[in-house]
Amino acid sequence: MTFSKEITQDRILISKIPEGVTPNKSHFRSVTVTEPAPVLKDNEVFVKNLIFSLDPYIRHDFSNDKKESRVVGFAIAKVVDSKNPKFPVGALVHSPSHWEEYTHVYEPEYINDLNVLDNAVDSKVPLSAYTGVLGIPGFTVWDSLNLRGDLKAGETIYISSAAGTLGQLAGQLAKRKGLRVIGSAGSDEKVTFLKDELGFDAAFNYKTQDKRKALTEAVGEAGLDIYYDLVGDDTTEIVLDLLNPRGRVLAVGALAYHQNTEPYAPKNLINILFKELRYEGYLVFSHYERFGKFLEELTPLVANGEVKYKDAVLKHGVDKIGETYVDFLNGAFVGKVNVQVADA
Ligand SMILES: NC(=O)c1ccc[n+]([C@@H]2O[C@H](COP(=O)([O-])OP(=O)(O)OC[C@H]3O[C@@H](n4cnc5c(N)ncnc54)[C@H](OP(=O)(O)O)[C@@H]3O)[C@@H](O)[C@H]2O)c1
């Protein structure tokens, strides 16, 4: 079938933002374009974007060589034309999509990133959860903790950006394994949410409190066994002092880097040697083979409320996605942020 109409749609363009410059709303431009729908070649698909996932890593694409370019992020989308039997017309997919209403997915690496969602979707869970707690962020947490966390009941774990998409789930999964969980976040409202709704044992506001003092107090005499690092900033230096012998740092996120904070080099790496610490990274891209197992295990827990999540689903047009993205980077929302531009 060929989707033969001409399409008029809104699209976001981003002007080049050098590394070191924090994006602001003036960097984004919304344009309305009228174009013929693409004539697809083998394996290509054409999708209607429904829900855009706003993710911190997207910021780095803004520093490419082009003066102005389209933005690529992930979206939940419906296939409206297809020359790929794996993604038939009508299928709900997780798609690498530009910030626009319709996207032609033709680059081989983007076709590779397409995933069918229909079989995964549970009617008790909103579709937007599949970009967050039941999407790649959720899988990253589940898999990194299982593969590299080596979690043991009774240990203490500290999670930075704990009220974010990954942080919320990391805390709850650690709690389910019997660990004592400490988190930090950037507002008192987020700190209350962590303690009162997610059951964190301790939490503090890293923007208003002295981080070293707050973390030392929260850790107490038991000391710290695991740091689940979502930030990659000067907190690492504090943590290296507080970790118990054989403690672990699991480096999963780099929010300070996305925000272009001046990189910080810890001056006490010697702790790694003297305390026989393990410092390890985790990158989700080479681990997708366990995604099905993750959905099998997490979907019922999310559906019955045993695993909670707080997210923000903003409903507005494509034209305002840039503004929402800037607010998101600046910490205006709790948890996963999605922009719904069309109904499923
Ligand atoms: N390793 C992998 O394969 C993998 C996979 C997925 C995601 N990640 C990474 O994991 C990290 C967390 O992702 P996420 O989606 O869960 O993001 P997130 O935590 O929901 O990100 C948004 C929040 O980050 C916090 N933040 C922003 N700048 C910060 C800073 N300099 N220091 C501390 N907190 C800051 C803000 O909350 P506050 O109000 O608390 O400041 C904001 O609300 C990101 O770096 C992401 O790229 C890695």
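Just so we're clear, the structure is a prediction, and the values are computed from it rather than from any experiment. Remember, it's 1-based here, ligands and their atoms both numbered in the order they're listed. We number each residue from 1, following the sequence as shown.
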Compute the shortest N/O to N/O distance between [X] and ligand 1 and return yes if it is under 3.5 Å, no if not.
X    : result
S187 : no
G335 : no
G167 : no
S161 : yes
L166 : yes
Y57  : no
Y282 : yes
G164 : no
T140 : no

To which of S53, G331, A332 does the heavy atom nearest atom 36 (C) of ligand 1 belong? G331
Is the backbone N or O of A214 less than 3.5 Å from a side-chain atom of Q209, with the two atoms forming a donor-acceptor pair by type?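 Checked: no pair found.
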Pull out every atom of ligand 1 sitting under 4.0 Å from any heavy atom of [X], numbered as shown with elements.
X    : answer
V284 : 2 (C), 3 (O)
F333 : 43 (O)
A185 : 40 (O)
G253 : 9 (C), 10 (O), 11 (C), 45 (O)
L283 : 1 (N), 3 (O)
A254 : 45 (O)
F328 : 22 (C)

Who clusters with L273? Use side-chain heavy atoms, under 4.5 angstrom, across I, L, V, M, F, W and Y, and order the result by chain and number.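 Members besides L273, by chain and number: I270, F274.
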Taking the six-membered ring for Trp, is the centroid-to-centroid distance between H94 and F74 below 6.0 Å? yes
Under 6.0 Å between ring centres, would you say that holds for H287 and F139? no
Check E68 with R29, please: is the shortest side-chain N to carboxylate O separation under 4.0 Å? yes
With a 4.0 Å cut-off on N to O distance, would you call R11 and E35 a salt bridge?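 Salt bridge present between R11 and E35.
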Measure the OG-NE2 distance between S69 and H98 for me, rounded to the nearest 0.5 Å.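 Here the interatomic distance stands at 8.5 Å.
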The residue among K293, R290, R148 that forms salt bridge (Lys or Arg N to Asp or Glu O under 4.0 Å) with D143 is R290
I want to check a possible cation-pi pair here: K336 against Y309, using under 6.0 Å from ring centre and within 45° of the ring axis as the test.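 Here K336 fails the 6.0 Å and 45° test against Y309.
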Region of P137 that comes within reach of ligand 1 [heavy atoms, distance under 4.0 Å]: neither
With sequence neighbours left out, write down each residue that passes salt bridge (Lys or Arg N to Asp or Glu O under 4.0 Å) with E306, or none if nothing qualifies. R176
For the residue pair Y288 and F291, does the interplanar ring angle fall in the parallel (under 30°), tilted (30 to 60°) or perpendicular (over 60°) class? perpendicular
Around atom 44 (C) of ligand 1, find the nearest protein heavy atom and jot down its residue, atom name and distance. H258 NE2, 3.6 Å
Honestly curious: do L250 and L277 fall in one hydrophobic cluster under the side-chain, below-4.5 Å linking rule? no
